[in-house]
Amino acid sequence: MQKIEERIRAYDQNFTTMVPTKFIRFMRTCVLWQIIRFIVINLKMLVVVSKSH
């Protein structure tokens, strides 16, 4: 008896998960972009926390 995981083939026609583009893969691995996103998210958090106090 096969397990369900063994029958699933990634990127098959029945596998409907989106495949990342080259640009998206680059953005996920780019250290400079990650630093910028980190700063932006932290600034947003600071705004939310400052409104609550």
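Keep in mind that what you see is a predicted model, and the values were worked out from it rather than measured.
Note: the hydrophobic cluster containing V31 does not contain I36 (ILVMFWY, side chain heavy atoms under 4.5 Å, direct or indirect links).
Two residues are said to be in side-chain contact when any heavy atoms from C-beta on lie closer than 4.5 Å; I39 and L43 meet this criterion.
Closest approach of V49 to S52, counting heavy atoms only: O-OG, 2.7 Å.
Applying side chain to side chain contact (heavy atoms under 4.5 Å, CB included) to F38 and the options N42, I41, I35 leaves one that passes, N42.
To the nearest 0.5 angstrom, T21 atom OG1 is 10.0 Å from M27 atom CE.
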